[in-house]
Amino acid sequence: MLRSLVGSEMCIRDRDNAAKQSKAQKAQAAFQEAQGKLQQVQQQYDNFAAALPNEIARFEEVRKKELLEALIKDAENQKIYHEQLASEWSKQLTQLQAELSTTF
């Protein structure tokens, strides 16, 4: 069949093939670009996943430290509060003892 094509018909056939080849090359280039971007993202994810255990451990250490600091601060506040109560009770006890000694 190709032997029976004349010049203009051959140009039409060749033009279609050239257009298809151009589209195929553009699609291949786009595919390779997307594949490269995917590999970059995969590498970023792999780096993130590899660093995650260390980041979690660091976060837990910071969290433990913050919790311990809060507990220490709370204990210090409780100590001050109880010292104030002890001082007030001591004053009241002294007053009661004085009242007791004056009444009997």
Side-chain angles (χ1 to χ4, degrees):
M1 178 167 171
L2 290 178
R3 293 178 192 215
S4 63
L5 295 176
V6 293
S8 63
E9 292 170 334
M10 290 178 77
C11 288
I12 293 170
R13 182 201 63 196
D14 292 343
R15 182 182 64 208
D16 288 343
N17 287 341
K20 288 177 184 177
Q21 187 176 9
S22 175
K23 284 182 182 180
Q25 287 174 343
K26 287 179 184 177
Q28 180 66 23
F31 175 77
Q32 287 175 344
E33 181 182 349
Q35 195 172 28
K37 288 180 181 179
L38 178 62
Q39 288 174 347
Q40 288 175 346
V41 170
Q42 183 66 43
Q43 185 61 44
Q44 290 172 348
Y45 173 78
D46 291 344
N47 293 342
F48 171 78
L52 193 57
N54 291 337
E55 289 299 314
I56 289 172
R58 187 181 64 78
F59 174 76
E60 288 176 350
E61 288 300 316
V62 168
R63 192 169 147 222
K64 284 179 190 176
K65 182 181 176 188
E66 290 173 350
L67 178 62
L68 288 174
E69 288 172 348
L71 288 172
I72 289 170
K73 183 68 174 171
D74 185 55
E76 290 170 346
N77 290 337
Q78 290 292 328
K79 178 184 173 193
I80 292 169
Y81 172 75
H82 288 289
E83 286 173 347
Q84 289 172 347
L85 280 179
S87 176
E88 290 176 20
W89 291 342
S90 179
K91 289 177 187 175
Q92 289 179 0
L93 181 60
T94 303
Q95 287 176 351
L96 289 173
Q97 288 173 341
E99 288 177 19
L100 184 64
S101 65
T102 59
T103 55
F104 295 107

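Applying the side chain to side chain contact (heavy atoms under 4.5 Å, CB included) test to Leu96 and every residue at least two apart in sequence or in another chain returns Glu99. Contacts of Glu61 classified as salt bridge (Lys or Arg N to Asp or Glu O under 4.0 Å), with partners at least two apart in sequence or in another chain: Lys64. Residues passing the side chain to side chain contact (heavy atoms under 4.5 Å, CB included) test with Leu67, sequence neighbours excluded: Leu71. Remark: Gln42 engages Asp46 in a side-chain hydrogen bond (donor to acceptor under 3.5 Å, both in side chains) (not counting sequence neighbours).
In this structure, Gln35 CD and Glu33 CD are separated by 11.5 Å, a value rounded to the nearest 0.5 Å.
Grouped with Tyr45 in a hydrophobic cluster is no other residue, since no side-chain heavy-atom contact under 4.5 Å to another Ile, Leu, Val, Met, Phe, Trp or Tyr is found. When hydrophobic side chains of Ile, Leu, Val, Met, Phe, Trp and Tyr are connected at separations under 4.5 Å, Leu38 ends up as a singleton with no cluster partners.
The side chain to side chain donor-acceptor pair (under 3.5 Å) pairs that include a residue from residues 23-32 number zero, where partners must be two or more places apart or lie in different chains.
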Please list every donor-acceptor pair under 3.5 Å in which a side-chain atom of residues 75-93 meets a protein atom from a residue at least two apart or in another chain.
| from | atom 1 | to | atom 2 | distance (Å) |
| --- | --- | --- | --- | --- |
| Asn77 | ND2 | Lys73 | O | 3.4 |

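A salt bridge links Glu55 with Arg58: at least one charged nitrogen is closer than 4.0 Å to a carboxylate oxygen.
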